[in-house]
Every structure is written in structure tokens, then in C-alpha cells.
Amino acid sequence: MAVGEDRDELISALDALASGASHGGAVRGTAAAPAQPVFVFPGQGSQWAGMALGLLDTSEVFRDRIAACGRALAPHVDWDLEDVLRDADGAPALETPDVVQPVLWAVMVSLAELWRSCGVRPAAVVGHSQGEIAAAVVAGALTLEDGARLVARRSALLLRLSGRGGMVSLPLPETEAAERVAPWDGRLAVAAVNGPRTTVVAGDPDALDALLEACAADGVRAKRVRVDIASHSAQVESLQGELAAELAALAPAAPAIPFYSTVTGGPLDTPPDAAYWYGNLRRTVRFEQASRRLLADGHRVFIEISPHPVLVYGLQDTIDDTPAPAPAAVLTTLTRTEGGARRFLTSLGEAHAHGVPVDWGTVLGEGAPRPGRPTPALPT
């Protein structure tokens, strides 16, 4: 598939496809058979100033969904969603979790709506930490209003823990990471298992400093995560009562689309109630386990629904580590350097090239030539 802004660029991309050369507008893929994708929603970390503004200015579908998310968030926040996205005067910056997490939730939910408007329907969804809230909305387990309440109230409570903790990413399997943090006797804990060699630990800042020093001495390339909260650790337990009270009004439903839980590591068939969302914040994120279950259940195409990819590397590592009857593909939506329509169309083309059904009539317009409908103006 070729992507371009004018005739010359499209011809150049087609020439590259024909010759096997590299080109920014030449999209290639391998499709063994048509495949509906898994929508993958990350937690905090994919945000960036100016994210998705290109789509906000050019896509009616994306803009309308952002507006709906803004209305759903309005009773729970003291800022305007579009003002934050546009960095308007007086709008808060994307720094604290009570702003970052609701804004990311809105962008991910709106990106999912954009994919679906192009005929790309998820066969299943999976989310990482707060990404599960977006996944639950897309799966029909939460209404947009309940998703907004949950992400806003949850992130506001997390401010109570700000400055008391942190996180470190270790290029180690879970068992080795657990051995590494054991000497700190509960002050550090495994917070997330993202892949067979990607584990995140959380806990007290001074204990994390000591862990980083020990890793450096042993040649382990540990990296501090840019957060000052120890989510998925014992520190969260102080919020349990308030979180339950804040979320008592939720009216969840059983997912209409298969929802693979990173709390349990497998499909969730029951409505995700307030107790579930406390577990989502307190317990270890079992993203690797959920990914392996998705692969075992036959899913072969994964699309990260985010303004910048953060889970694709751990997911690809899990795929490479899992024997499978057919290859699997991990695709993205936007990136920090490309947040507009061109990047989305390229991602859509990549999905098509990997066998994902796309409604090209909607994407290109009913009168445009497209695969399966030859026209006299084009060669056979």
C-alpha cells in the first residue's frame, strides 16, 4: 500500500514497493488470512505535548469523540479537555496523574473510535494499568460516563501518594526481578510484568535508589520510570476505602467484546466492579500473562491504541518467546513525531497489509477506486 499527499509522492512510494526499496510512504505486511485485531491500551507514559492535534483538526470522528469524553469528564475535573490538548492559556500541563491519566484515557478512547469508524473492529481488548479503563469502555463493560468518573477519581486519589514512591524498569524476567527486590523486605515489589524480559518494580524512593546502584554494580541496565508514585504496591492500600466510596456509583456490565484482564491474566466474563478496579491499582499488572493467553486463543494481530507506542516492545518479546502456528504482528497508531492523519492512514495501511479488514469506502469515499473494485481509469 502507498501513502502520500500528492501524485508524485504516491508514484514514488509505488516505485519503491515495486523495487523493494525503502520509502516512508510504502507500506508492507504479511497476511496469512483475514484477522480482526486485538486493541491494546497502555497505561501512563505515551503522552506528549501536542499529541493527536493533527487528528483533532482534521478528523470529525476523532473530534466528536474527544468532545464527548470532555463532557463526560467535566463533572469530575476543573479543566477543559480540549484546552489541555491544545495547551491553551491557563490549562494545566501534562504532568500530574490527575491530568495525564484522564487526558490519555480520552485520547485512547477516541483513537479506538477512529479505528472502528474505518471498519476495524476489535476481536478483543487488553489494557495495562489505567489503560484497562479505556479497554473497558471500548468493550462495553463501562459507559463513557462511568469510564470518565473512574479515571478522574482514581487519578485524583493517586495524588495522595505523589512523592512517596517511584518505579524502576528492569530488563529481567519476573522471577529474577523478584529476587532483586527481596532484600528490601516489602519496601519494593514487582508492579508490572510487561514481557519475558521486561519487569517494572515499585516502592520507596530510597530503596529504588539502592536498587539502581546494585544493578549498576552488577551490569544490569535498570532504568527509572518518570513517575513519583508507587502504583501496584502496598502504598496503594491506604486508598482502598476512599476508592470504594468514589466508585460505588459505577454500573458496570459484562464485556460485549472479549476483555482480557491484566489483573487476572485471562478473559474477564463478569462486570468489572469497584473491587476489580481496586485490584487493578493494587495488584501486579499481568500484561505478559494476558498477552500469552491472547496468543494461545489464536489472536495474531495487535494494535496499540495510543499517541505513542510503549507496549509494543514487551508484546513483541512475548510473541518471539511463544511458539505459535502462525506469525503475529504488533502495530501502532500514532507516534511522538507523527500525530496526525498521515500517520493514522499509514497505520491503517499497515493493518490492511497484515490482513485486517478495512472499510475503504468509508476511508477513501464511496467514489474512490479501491481494492476489489477496478475502474476503467486504472490498469487491470
Side-chain angles (χ1 to χ4, degrees), residues 28-33 35-46 122-129 131-132 135 167-182 188-202 211 215 218-223 225 232 258-268 280 283-306 308-333 335 347 350-351 353-356:
R28 298 175 175 87
T30 302
Q36 285 185 288
V38 176
F39 279 6
V40 182
F41 299 89
Q44 190 169 330
S46 65
V125 300
V126 63
H128 186 289
S129 191
E132 282 206 302
M167 292 184 166
V168 164
S169 178
L170 299 173
L172 299 173
E174 179 184 3
T175 53
E176 294 183 28
E179 291 173 1
R180 281 266 166 191
V181 302
L188 296 179
V190 172
V193 184
N194 296 339
R197 283 163 288 274
T198 309
T199 303
V200 178
V201 300
L211 173 66
C215 287
D218 293 339
V220 176
R221 299 185 65 180
K223 181 181 179 182
V225 180
H232 312 289
F259 180 105
Y260 283 68
S261 166
T262 51
V263 177
T264 67
L268 184 73
N280 163 274
R283 294 172 60 179
T284 300
V285 180
R286 297 289 172 191
F287 184 73
E288 181 193 1
Q289 184 179 338
S291 300
R292 290 189 187 276
R293 179 62 186 271
L294 283 158
L295 290 166
D297 288 348
H299 297 285
R300 291 292 175 265
V301 180
F302 300 80
I303 303 175
E304 182 170 331
I305 310 296
S306 70
H308 185 78
V310 294
L311 290 177
V312 295
Y313 313 107
L315 181 52
Q316 186 63 58
D317 199 16
T318 300
I319 290 170
D320 294 342
D321 192 61
T322 304
V330 183
L331 310 176
T332 63
T333 302
T335 72
S347 297
E350 291 169 348
H354 284 88
V356 174

Task: Pairwise side-chain contact, Phe302 with Leu294, heavy-atom cut-off 4.5 Å (strictly under) - done: yes
- [ ] Go through the steps to decide whether Asp321 and Arg197 satisfy the test side-chain contact (heavy atoms from CB on, under 4.5 Å), and finish with yes or no.
- [x] CA-CA 10 Å; Asp321 192 61; Arg197 283 163 288 274; 4.2 Å; yes
Open item on the list: I need the minimum non-hydrogen distance between Ser129 and Asn280, along with the two atoms involved.
Closed with: O-ND2, 3.0 Å
TODO: May I ask you to decide if Leu295's main-chain N or O and Arg300's side chain share a donor-acceptor pair within less than 3.5 Å?
DONE: yes
Task: Donor-acceptor contact present, side-chain His299 to main-chain Ser291, <3.5 Å - done: no
Open item on the list: Taking the side chain as everything from C-beta on, heavy atoms only, tell me whether Val190 gets closer than 4.5 Å to Glu174.
Closed with: yes
Task: Expected output: side-chain Glu304 to main-chain Leu311 donor-acceptor under 3.5 Å - done: yes
Open item on the list: When you measure from the side chain of Ser306 to the backbone of His308, do you find a donor-acceptor pair of N or O atoms at a distance under 3.5 Å?
Closed with: yes
Distance-only criterion, 3.5 Å: show the donor-acceptor pairs between side-chain atoms of residues 35-45 and protein atoms not counting sequence neighbours.
residue, atom, partner, partner atom, Å
Gln36, NE2, Arg121, O, 3.3
Gln44, OE1, Gln101, NE2, 2.9

Open item on the list: Any side-chain to backbone donor/acceptor pair from Asp317 onto Gly195? Under 3.5 Å, distance only.
Closed with: no
- [ ] Identify the two heavy atoms, one from Thr262 and one from Gly127, that lie closest to each other, and give their separation to 0.1 Å.
- [x] OG1-O, 2.7 Å
Open item on the list: What verdict does the side-chain contact (heavy atoms from CB on, under 4.5 Å) test give for Val330 and Tyr313, after you've listed the backbone C-alpha separation in whole Å, the side-chain angles of each residue and the deciding distance to 0.1 Å?
Closed with: CA-CA 9 Å; Val330 183; Tyr313 313 107; over 6 Å; no
Open item on the list: Donor-acceptor pair, distance only, cut-off 3.5 Å: does the side chain of Thr284 make one with the backbone of Arg286?
Closed with: no
Task: Minimum-distance pair of heavy atoms, taken over all atoms of Val125 and Pro122 - done: CG1-CB, 4.3 Å
Open item on the list: So Val200 and Val168, do their side chains get closer than 4.5 Å, heavy atoms only?
Closed with: no
TODO: Would you name the heavy atoms of Ile305 and Thr333 that are closest together and state the gap between them?
DONE: CA-OG1, 3.7 Å
TODO: I would like to know whether Thr318 and Arg292 meet side-chain contact (heavy atoms from CB on, under 4.5 Å); could you show each step before the answer?
DONE: CA-CA 7 Å; Thr318 300; Arg292 290 189 187 276; 3.6 Å; yes
TODO: Using a 4.5 Å cut-off on heavy atoms from C-beta on, say whether the side chain of Val220 contacts that of Arg180.
DONE: yes
Open item on the list: Quick one about Tyr260 and Asp297 (side-chain donor to acceptor, distance below 3.5 Å, no hydrogens or angles considered), yes or no?
Closed with: yes
- [ ] Taking all heavy atoms of Thr332 and all of Pro309, pick out the closest pair and write down the distance.
- [x] CG2-CB, 3.6 Å
Open item on the list: Test your reading of the model: is there a side-chain donor-acceptor pair from Thr199 to the backbone of Leu172, 3.5 Å cut-off?
Closed with: yes
Task: Test: Glu288 and Arg293 ion pair at under 4.0 Å - done: no
Task: Shortest non-hydrogen contact between Asn194 and His128, atoms and distance - done: OD1-NE2, 2.7 Å
